[in-house]
Engineer: 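My structure is below; once you've seen it, I'll send some questions.
A quick note: this is a predicted structure, and the numbers were derived from the prediction, not measured. Remember, it's 1-based here, ligands and their atoms both numbered in the order they're listed. Note that the numbering runs from 1 along the sequence shown for the chain.
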Amino acid sequence: SGFVSEPRNVVRKFLARPQHEGLGAIVRRSIGRFELKYFDPFLALDEFSVTAPAGFPDHPHRGFETVTYMLQGSVTHEDFEGHKGTIHAGDLQWMTAGKGIVHSEMPAAQGTQKGLQLWINLSSKHKMIEPRYQEMLSKDIAEVSKDGIKVRVIAGEALGTKSPIYTRTPTMYLDFTLKPGSHLQQPIPISWNAFVYVIEGEGVFGTSKSLPVAAHHLLLLGSGDGLEAWNKSSKPLRFILVGGEPLGEPLAQWGPFVMNTQEEINQTLEDFDNYANGFEKARHWRSEAAV
Ligand SMILES: Nc1ccc(F)c(C(=O)c2c[nH]c3ncc(Cl)cc23)c1F
Ligand SMILES: [Fe+3]
C-alpha cells in the first residue's frame with residue numbers, strides 16, 4: 001500500500017456507547033458526544049441500529065452534509081422534494097443539505113438495519129447552497145484488494161483508486177478489511193484531521209507496539225502523513241479511516257442546524273417555523289412513513 005514516512009499516533013480513544021436517538025432508534029455516537037463535540041470538520045459519527053417500527057421520522061437539516069453508509073439491511077429515505085430511495089447493505093448516500101432538507105430515514109425491511117452516519121460541516125460559503133444528493137450502489141463503489149488488505153473507496157483515494165464522490169469539504173472516507181497478519185500503510189494529507197472507527201475485529205493502530213483496539217472504538221489520530229495499522233488477531237479486522245480538511249470557522253449548532261453564529265441559528269429557526277428560505281416545502285409535506 002502507500003508509503004508513510006511519519007505515521008500518525010493514536011492521541012485519544014473513545015468507546016461509543018449506545019444511546020437513544022430519533023424514534024426508538026439506537027446510535028453509538030462517537031464524534032458528537034459531549035467529550036468530543038466537534039472534530040473539525042466532523043460534527044458526528046453515529047453507528048446506528050434500528051428495527052421497525054423505530055426509525056428517524058421527518059426531521060430537518062441545514063448547513064452540513066450527512067453521509068449514510070449501510071452495513072446491514074436497508075433504510076428508505078424520502079424528502080420534502082419527493083426525492084425517495086432505499087439504500088441497502090454496502091450502498092452509500094452522500095446528502096448535502098445546504099440551505100435545507102426535511103426528510104425521513106426509516107427501516108426498509110424487517111429485522112435490524114445497521115449502518116454509519118457521518119455529519120460533515122460545510123464552510124460558511126457553502127452552508128446555504130442548493131441541497132444535493134450523491135448516491136452510490138454497493139456494486140459501483142471502487143473496491144481494491146492487495147496483500148490481504150481490501151479497501152472500499154467511499155471518498156478520496158486508496159491503493160491507486162479514486163472515488164467519484166465530490167467532497168465539497170475535502171474528505172477521505174475509506175472502508176478497510178484486513179486479513180489476519182496484514183499490515184496497512186495509508187497516506188493522509190498532513191493538514192487534515194483524521195480518525196479511525198473500528199467496525200469489527202481487533203486492530204493495532206499507530207505503532208506496532210500499540211495495544212489492540214476492539215469494535216465500536218473511535219481513535220483520534222495525531223500529526224503525520226499517514227496511518228499504519230496491523231491485524232495481529234486471527235479474525236478479519238474492519239474499520240473506516242476518515243479524514244477531512246479543517247474549516248477553522250466558528251460553530252453554532254442547534255441539533256440538525258449547523259451555522260456559524262447564534263444569529264444565523266435564530267434566523268434558521270425562524271425560516272423553519274415560517275416555512276421560508278429553503279423550507280417552503282416543509283409546510284405541506286409529511287413522509288409516507290409518518291405515523
Ligand atoms: N436532528 C436529529 C435529531 C434526531 C435524530 F435521530 C436525527 C437523525 O435523523 C439521525 C441521527 N443519527 C442518525 N443516524 C442514522 C440515521 Cl439514518 C439518522 C440519524 C437527527 F438528524
Ligand atoms: Fe437525517
Side-chain angles (χ1 to χ4, degrees), residues 16-34 36-38 42-81 83-109 111-122 131-135 154 173 197 199 216 218 240 242 251-259 265 268-269 271-273 278-279 281-282 285-291:
R17 289 193 176 79
Q19 65 185 63
H20 287 284
E21 192 55 90
L23 193 64
I26 302 287
V27 305
R28 288 176 181 266
R29 179 159 294 159
S30 46
I31 297 173
R33 48 190 291 158
F34 61 93
L36 186 62
K37 206 56 198 126
Y38 185 47
F42 303 110
L43 297 152
L45 175 68
D46 281 355
E47 181 184 359
F48 64 90
S49 174
V50 59
T51 307
F56 304 94
D58 305 17
H59 62 274
H61 292 280
R62 172 179 277 184
F64 63 104
E65 301 187 304
T66 63
V67 180
T68 308
Y69 183 43
M70 288 307 293
L71 298 176
Q72 170 188 302
S74 46
V75 159
T76 295
H77 58 88
E78 55 172 302
D79 76 8
F80 64 171
E81 297 273 356
H83 179 88
K84 186 174 178 179
T86 298
I87 48 176
H88 299 84
D91 295 350
L92 175 78
Q93 181 198 54
W94 196 292
M95 182 182 85
T96 304
K99 71 179 188 181
I101 281 269
V102 179
H103 72 167
S104 63
E105 298 155 288
M106 301 298 282
T112 302
Q113 328 299 323
K114 290 178 184 286
L116 297 169
Q117 186 168 93
L118 175 70
W119 289 18
I120 309 174
N121 202 359
L122 287 171
R132 175 193 178 199
Y133 290 91
Q134 297 176 83
E135 288 158 324
I154 307 294
Y173 190 142
Y197 186 76
I199 297 170
H216 312 308
L218 182 99
I240 57 169
V242 175
L251 181 73
Q253 178 173 5
W254 188 90
F257 301 136
V258 183
M259 305 304 284
I265 289 292
T268 299
L269 289 163
D271 291 346
F272 184 57
D273 289 345
F279 288 118
K281 296 199 171 149
W285 180 80
R286 293 291 174 277
S287 67
E288 284 156 32
V291 290

Engineer: Going by heavy atoms, is Val75 under 4.0 Å from ligand 1?
Structural biologist: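 Judged by the 4.0 Å heavy-atom criterion, Val75 does not count as contacting ligand 1.
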Engineer: List the closest protein heavy-atom neighbour of atom 1 (N) of ligand 1: residue, atom name, distance to the nearest 0.1 Å.
Structural biologist: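 Answer, as residue, atom name and distance: Pro256 CB, 3.3 Å.
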Engineer: Tell me the protein heavy atom at minimum distance from atom 15 (C) of ligand 1, and give that distance in Å.
Structural biologist: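 Nearest protein contact, heavy atoms only, for atom 15 (C) of ligand 1 is Phe48 CD2, 3.3 Å.
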Engineer: So which protein heavy atom does atom 11 (C) of ligand 1 come closest to, and at what separation?
Structural biologist: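 Of every protein heavy atom, Asp46 OD2, 3.6 Å lies nearest to atom 11 (C) of ligand 1.
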Engineer: Would you please test Thr68 and Ile87 for side-chain contact (heavy atoms from CB on, under 4.5 Å) and show each step?
Structural biologist: CA-CA 9 Å; Thr68 308; Ile87 48 176; 3.6 Å; yes
Engineer: Have Glu65 and Trp119 got a donor and an acceptor in their side chains that come within less than 3.5 Å?
Structural biologist: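 Result is no, nothing qualifies.
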Engineer: Within the 4.0 Å heavy-atom shell around His61, which atoms of ligand 1 are there?
Structural biologist: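 Within the 4.0 Å cut-off of His61, ligand 1 contributes 21 (F).
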Engineer: Looking only at protein heavy atoms, which one is nearest to atom 10 (C) of ligand 1, and what is the separation?
Structural biologist: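 For atom 10 (C) of ligand 1, the nearest protein heavy atom comes out as Phe56 CD2, 3.5 Å.
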Engineer: Parallel, tilted or perpendicular: which one describes the rings of His83 and Tyr133, with boundaries at 30° and 60°?
Structural biologist: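 If you compare the ring of His83 with that of Tyr133, the planes turn out parallel.
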Engineer: Under 4.0 Å between a side-chain nitrogen and a carboxylate oxygen: does that hold for Arg62 and Asp271?
Structural biologist: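 Yes, charged N to carboxylate O under 4.0 Å.
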Engineer: Looking only at protein heavy atoms, which one is nearest to atom 13 (C) of ligand 1, and what is the separation?
Structural biologist: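 Result: Gln117 OE1, 3.4 Å.
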Engineer: Without hydrogens or angle criteria, can the side chains of His88 and Gln72 be said to hold a donor-acceptor pair below 3.5 Å?
Structural biologist: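 Side-chain D/A pair, His88 to Gln72: absent.
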Engineer: Just to be sure I read this right, does ligand 1 sit under 4.0 Å from the backbone of His77, its side chain, both, or neither, counting only heavy atoms?
Structural biologist: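 Neither part.
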Engineer: Decide yes or no on ring-ring contact (aromatic ring centres under 6.0 Å, His included) for Phe64 and His61, but give the supporting numbers first.
Structural biologist: CA-CA 7 Å; Phe64 63 104; His61 292 280; 5.3 Å; yes
Engineer: In ligand 1, which numbered atoms sit nearer than 4.0 Å to a non-hydrogen atom of Glu21?
Structural biologist: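 Checking each atom against Glu21, I get 3 (C), 4 (C), 5 (C), 6 (F), 11 (C).
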Engineer: Under 4.0 Å, counting heavy atoms only: does Phe257 come that close to any atom of ligand 1?
Structural biologist: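 No; Phe257 lies far enough from ligand 1 that no heavy-atom distance drops under 4.0 Å.
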Engineer: The Fe ion (ligand 2): which protein N, O or S atoms are under 2.8 Å away?
Structural biologist: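 Less than 2.8 Å away from the Fe ion (ligand 2) sit His59 NE2, His61 NE2, His103 NE2, Glu105 OE1.
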Engineer: With no hydrogens and no angle check, do the side chains of Glu47 and Gln117 hold a donor and an acceptor under 3.5 Å apart?
Structural biologist: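 There is no such pair (donor and acceptor under 3.5 Å, judged by atom type) between the side chains of Glu47 and Gln117.
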Engineer: Would you say Tyr38 and Asn121 are linked by a side-chain donor-acceptor pair, where the criterion is simply a distance under 3.5 Å?
Structural biologist: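 Per modelled atom types, Asn121 and Tyr38 side chains form a pair under 3.5 Å.
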Engineer: Among side-chain atoms of Gln93 and His77, is any donor-acceptor pair under 3.5 angstrom?
Structural biologist: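 There is such a pair between these side chains.
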Engineer: With heavy-atom distances below 4.0 Å as the criterion, list the atoms of ligand 1 near Trp119.
Structural biologist: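 Checking each atom against Trp119, I get 21 (F).
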Engineer: Between Arg29 and Glu21, is there a side-chain N and carboxylate O pair less than 4.0 Å apart?
Structural biologist: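 Between Glu21 and Arg29 there is a salt bridge, with a charged N closer than 4.0 Å to a carboxylate O.
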Engineer: Among side-chain atoms of Thr112 and Ser49, is any donor-acceptor pair under 3.5 angstrom?
Structural biologist: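 Side chains of Thr112 and Ser49: no pair found under 3.5 Å.
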